[in-house]
Amino acid sequence: MFEDPTTLAAVAASTGFIIGYGLKTVIVNRKAPRKGRSFTAKQLERWHCKKKWADILLRKDKMQYAESEMVLLNQEKARENKKRTTLFAERDEAISMLNDIRQQVKDAKSEMEEKAVLQGVGNVAASLSSIRRRLDGVSNTFVTHHQRVSFIEFVLRDDSMPDIIEGMDMIDLHGVIEQNAGFSIQMTESELKAMGSARSIAELKSALGV
């Protein structure tokens with residue numbers, strides 16, 4: 001049966017098609033990202049990680065790339081630390097100016113002089129507001145730094161994708177922040193109460209002539 005030229009041609013054509021299709025499939029699959037190996041945009045957004053890390057597990061130079069990203073993260077934190085130190089110095093200077101104004105008001109000999117001195121409070125308040133907003137930016141960087149470093153550390157440990165997802169989801173940063181804020185407020189309130197009531201403080205200031 002297979003000696004017939006037409007049959008042989010058909011078999012050869014079919015075999016060639018099957019082999020060609022198989023080779024094409026292998027090549028395409030090698031070039032295409034493996035399913036389930038890329039992090040989604042929502043996952044990276046939830047973890048405050050960089051979008052460019054979506055295919056980090058697919059990189060041939062995964063370890064070297066992760067190490068370079070860790071260096072960049074640490075450099076970013078160092079810059080923010082320096083910025084924070086500068087902002088604290090600016091804040092202290094503004095508070096010193098506010099204390100100077102307070103003293104000048106106390107020393108004022110007339111209502112006009114007192115009002116003239118108080119006009120400077122606006123500038124100090126504006127400076128403190130700007131400093132606060134910039135410090136908020138520093139705080140935000142530190143928050144994202146924690147999560148980003150954790151992500152890169154998972155990669156450097158060569159953890160699997162499911163393990164990385166589980167590990168990142170366990171970092172309940174919002175819960176930590178809320179809990180810390182709660183303890184901070186409670187501690188501050190407790191300290192203020194221990195220092196005396198508003199009435200006793202007012203009486204003390206009156207006795208001291210402040």
Side-chain angles (χ1 to χ4, degrees), residues 18-93 128-191:
I18 293 171
I19 293 174
Y21 180 80
L23 288 173
K24 181 180 179 181
T25 301
V26 170
I27 293 173
V28 170
N29 286 340
R30 284 182 177 178
K31 290 183 178 180
R34 284 168 287 175
K35 186 178 181 181
R37 295 284 288 173
S38 296
F39 296 101
T40 67
K42 288 185 177 181
Q43 286 173 328
L44 295 174
E45 182 180 358
R46 185 169 71 248
W47 302 332
H48 299 289
C49 288
K50 299 180 181 180
K51 294 180 180 178
K52 65 178 182 177
W53 292 346
D55 296 327
I56 191 171
L57 298 182
L58 298 173
R59 298 180 65 102
K60 293 181 179 179
D61 61 341
K62 178 181 71 174
M63 291 302 180
Q64 293 85 346
Y65 179 73
E67 288 175 355
S68 66
E69 288 298 298
M70 182 68 82
V71 171
L72 293 176
L73 288 175
N74 289 331
Q75 289 175 347
E76 182 182 53
K77 183 179 180 181
R79 287 195 301 271
E80 294 303 310
N81 269 323
K82 185 177 181 180
K83 185 189 299 184
R84 180 175 60 178
T85 300
T86 301
L87 289 172
F88 281 166
E90 292 181 13
R91 181 203 60 189
D92 292 344
E93 182 180 358
L128 288 172
S129 177
S130 174
I131 292 169
R132 179 187 59 78
R133 289 196 299 270
R134 284 181 288 163
L135 280 172
D136 284 344
V138 172
S139 298
N140 291 338
T141 299
F142 286 149
V143 167
T144 58
H145 176 82
H146 166 69
Q147 289 184 292
R148 291 176 177 181
V149 166
S150 297
F151 179 87
I152 294 299
E153 285 177 342
F154 284 132
V155 176
L156 289 172
R157 287 203 300 265
D158 202 22
D159 285 353
S160 66
M161 186 172 188
D163 286 341
I164 293 177
I165 294 174
E166 181 182 4
M168 292 302 297
D169 285 343
M170 287 179 65
I171 302 175
D172 183 12
L173 199 58
H174 287 294
V176 172
I177 291 174
E178 291 174 2
Q179 191 70 7
N180 283 344
F183 284 137
S184 177
I185 292 173
Q186 292 174 14
M187 182 181 69
T188 303
E189 291 176 345
S190 176
E191 287 297 320

field: Closest non-hydrogen atom pair, Met161 against Ser38
entry: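 Scanning both residues completely, I find the closest heavy atoms to be CE-O, 3.1 Å.
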message: Using every non-hydrogen atom in the two residues, find where Gln147 and His48 come nearest and quote the distance to one decimal.
response: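 Heavy atoms of Gln147 and His48 come nearest at OE1-CD2, 2.6 Å.
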field: Sequence neighbours excluded, every pair satisfying ring pair (Phe, Tyr, Trp, His ring centres under 6.0 Å) that has a member inside residues 53-73
entry: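 Non-adjacent pairs meeting ring pair (Phe, Tyr, Trp, His ring centres under 6.0 Å): Trp53-Phe151.
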task: Applying salt bridge (Lys or Arg N to Asp or Glu O under 4.0 Å), name anything that partners Lys52, two or more places apart in sequence or on another chain.
output: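 If we apply the salt bridge (Lys or Arg N to Asp or Glu O under 4.0 Å) test to Lys52, skipping adjacent residues, the hits are Glu69.
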Which residues share a side chain to side chain donor-acceptor pair (under 3.5 Å) with [X], sequence neighbours left out:
X	answer
Arg59	Asp61
Arg91	none
Lys62	Asp158
Asp163	Ser160

Applying side chain to side chain contact (heavy atoms under 4.5 Å, CB included), can you list everything that pairs with [X], at least two apart in sequence or on another chain?
X	value
Ser130	Arg133, Arg134
Phe142	Lys77, Glu80, Asn81, Arg84, Val138
Thr85	none
Leu156	Met63, Ala66, Glu67, Met70, Ile152

- request: For the pair Asp169 and Trp47, evaluate side chain to side chain contact (heavy atoms under 4.5 Å, CB included) and give the outcome as yes or no after the intermediate values.
  value: CA-CA 8 Å; Asp169 285 343; Trp47 302 332; 2.9 Å; yes
message: Under the criterion side chain to side chain contact (heavy atoms under 4.5 Å, CB included), I'd like the reasoning laid out for Leu135 against Lys83: C-alpha separation, chi angles, the key distance, then a yes or no.
response: CA-CA 9 Å; Leu135 280 172; Lys83 185 189 299 184; over 6 Å; no
message: A quick test of your reading: do over 12 heavy atoms of other residues, nucleotides or ligands sit less than 6.0 Å from CD of Glu45?
response: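 It does not: Glu45 CD has 12 such atoms or fewer within range.
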